[in-house]
Amino acid sequence: MKNASFISILPLLVFVACFLGFGIYNNDFYAFPSPIAAMVGIAAAFIIFKGKIHDKTDIFLKGCGDGKILTMCIIYLLAGAFSTVSKASGSVDAIVNLGLTYLSPQYFPAGVFLVACFLSFASGTSVGSIVTLAPIVIDLAEKSNSPLGLIGAALLAGSMFGDNLSIISDTTIAATQSLGCEMKDKFRENFKIAIPAAVLSLIILLVIGLNSETQASAFQPSGEINVLLIVPYLFVIVMAVVGVNVFVTLFAGTIFAGIMGIFLGSFDVMGFSKLAYEGFTSMTEIFYLSLLTGGLAALVEHYGGINFLLNKISKIISSKKTALLGIGGLVSAANLCVANNTISILISGKIAKEITDKYELSPKASASVLDIFSCYIQGLIPYGAQILILISLSKFQIHYSDLVLNAFYLHILLIFTIVYIVFFKKNSLKGNSALQATNN
């Protein structure tokens, strides 16, 4: 690890400036190919950082091959296959018709948010929830003439709810292990902030839906509903809720949807294989971007970029309240660099623990703040997995700006968290220093 300096974060700034700059200029964050923006940042890293080309290449390739990065890439491929095959088999249309028949479109935004909250909380994964629900949600919005950006944002926000609050989420496990507190304690602390934010968000979505100018007559289902076609999705949802590995869930769901499609004559075996591959290729851009940003993040971290950010933020801490805000800033800065909330928690967790001990903060409060800020940033960065998957599965019909503006839960969660930090009783932020001293 090299000494931290401003120079070490320049390649990341080049990537972000290139990605966001062209997006703002074109009024479309995905008009300029994101993998090319990442390549510009990587080229800057190779030029700016000192050392042998061989060493920098080795660091870059190890970053590309990081277990977390490869895990996400395989999930992208399986998600694309499942989405494409289930669509071709008629499963998506069957569920959409069912929704159009029994659910008023005015309740779509709130309904999508609630279902996403439940699935993400039960499964502990925002990506898995988005992958499972996005094909249905997107088609439902299109066929009902509902605002696609609003519906997509409801799915995004609901999925991040469980990612943050669920006790089996990677972020919860990483935060509690880093801060040395029990998951149940972190859950109770996090619950006080997340649930009121979710309730208020639900009310907002209900008000928006009920005040929609959409006419109910426009929402008529097309064709008969074949209940058999719904089974593959129920199968995937049950597996996700039970906690089956996401690889197994998506692979089994794709095979199930394929068998159903072959059985009902939607396609043959060769057609199934071509559809699965078509699903793979539909995720090409996000696949490349994840690999390249993984390598870029590894270079930035190796040459001190993340340490530079963490050190700068830690220097402005002067009280319990600024300590908690500092922990939030630490993990936010890390997440902007690596675009992965779990990894960002692991990166900033050690310093967060030192801050917690130094200012005698409650570990459960620190763990909650660490998790909330990481999930907030992850849910809004345009190069994060959650938004990339949503936009990719919608074939770029969902605009990034719509997701950011309509992700009410995420913004309310952040506001409630800051209010919690600034105005909460000081005693609630104190750690059990006396008890710790006795145990030591």
Side-chain angles (χ1 to χ4, degrees), residues 30 71-99 112 115-116 119-120 123 125-144 146 148-149 151-156 158-159 226 228-241 244-262 264 266-267 271-290 384-398 403:
Y30 300 93
T71 295
M72 291 305 305
C73 287
I74 300 302
I75 289 174
Y76 297 150
L77 295 181
L78 292 174
F82 176 68
S83 173
T84 303
V85 173
S86 60
K87 175 75 173 176
S89 68
S91 291
V92 173
D93 289 336
I95 297 174
V96 169
N97 284 338
L98 189 67
V112 167
V115 172
L119 182 57
S120 62
S123 63
T125 167
S126 55
V127 170
S129 301
I130 290 172
V131 165
T132 303
L133 298 175
I136 299 171
V137 167
I138 291 168
D139 218 39
L140 193 63
E142 289 176 340
K143 291 188 176 181
S144 64
S146 298
L148 194 55
I151 302 298
L155 173 56
L156 171 67
S159 298
N226 188 338
L228 282 177
L229 289 170
I230 300 174
V231 177
Y233 259 101
L234 292 177
F235 174 74
V236 168
I237 291 174
V238 169
M239 289 184 74
V241 170
V244 177
N245 180 278
V246 65
F247 293 131
V248 177
T249 298
L250 290 174
F251 181 78
T254 302
I255 297 298
F256 198 165
I259 292 173
M260 188 67 69
I262 293 171
L264 294 174
S266 299
F267 42 75
F272 170 46
S273 64
K274 290 179 180 179
L275 285 166
Y277 182 68
E278 182 184 324
F280 285 178
T281 57
S282 70
M283 307 301 281
T284 300
E285 182 170 351
I286 183 176
F287 185 96
Y288 290 154
L289 179 61
S290 296
Q386 288 77 4
I387 282 182
L388 284 171
I389 290 176
L390 255 178
I391 291 177
S392 296
L393 291 178
S394 73
K395 301 187 186 307
F396 295 88
Q397 294 181 68
I398 295 178
L403 291 176

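Just so it is clear, the structure is predicted and the values come from calculations on it, not from any experiment.
Expressed to the nearest 0.5 Å, how far CD1 of Ile398 lies from CG of Leu148 amounts to 4.0 Å. Atom CZ of residue Phe287 and atom OG of residue Ser282 lie 12.5 Å apart, to the nearest 0.5 angstrom. In this structure, CD1 on Ile75 lies 10.0 Å from OG1 on Thr249, to the nearest 0.5 angstrom. Distance check: Ile389 CD1 to Ser159 OG gives 10.0 Å after rounding to the nearest 0.5 Å. Rounding to the nearest 0.5 Å gives a distance of 12.0 Å between CD1 of Ile259 and CG of Leu264. Within the model, atoms CD1 of Ile138 and CG of Leu155 stand 8.0 Å from one another, a figure rounded to the nearest 0.5 Å.
Ser126 pairs by the side chain to side chain donor-acceptor pair (under 3.5 Å) definition with Asp163, Gln386, not counting sequence neighbours. Partners of Glu278 according to the side chain to side chain donor-acceptor pair (under 3.5 Å) rule, which considers only residues two or more places apart in sequence or in another chain, do not exist here.
The two residues Thr132 and Gly128 come nearest to each other via the heavy atoms OG1-O, 2.7 Å. Here the closest heavy-atom approach between residue Leu390 and residue Gly152 is recorded as CD1-O, 3.5 Å. Minimum heavy-atom separation, Phe280 to Leu78: CE2-N, 4.4 Å. Nearest heavy atoms, Ala257 versus Ser89: O-CB, 3.7 Å. When all heavy atoms of Ala385 and Val127 are compared, the closest pair comes out as CB-CG2, 4.3 Å. Looking at every heavy atom in both residues, Gly149 comes nearest to Leu403 through O-CD2, 4.1 Å.
Under the 4.5 Å side-chain criterion, counting only non-hydrogen atoms from C-beta, Val115 is not in contact with Val112. By the 4.5 Å heavy-atom criterion applied to side chains, Glu285 and Phe396 are counted as neighbours. Using a 4.5 Å heavy-atom cutoff, the side chains of Asp139 and Lys87 are in contact. A heavy-atom distance below 4.5 Å is not found between the side chains of Leu140 and Ile151. Looking at Ser86 and Pro232, their side chains never come closer than 4.5 Å, going by heavy atoms from C-beta outward. Put simply, the side chain of Phe267 reaches to within 4.5 Å of the side chain of Val85, judged on heavy atoms. Within the 4.5 Å cutoff, side-chain heavy atoms of Met283 are placed close to those of Ser392. At least one side-chain heavy atom of Phe272 sits less than 4.5 Å from a side-chain heavy atom of Thr254.
Remark: the backbone N or O of Ala81 is not paired with any side-chain donor or acceptor of Thr84 at under 3.5 angstrom. Counting only distance, with no hydrogens or angles, the side chain of Ser120 and the backbone of Gly158 share a donor-acceptor pair below 3.5 Å.
Heavy-atom contacts from other residues, nucleotides or ligands closer than 6.0 Å to CZ of Phe247 number more than 12. Within a 6.0 Å radius of CZ in Phe235, other residues, nucleotides and ligands contribute more than 12 heavy atoms.
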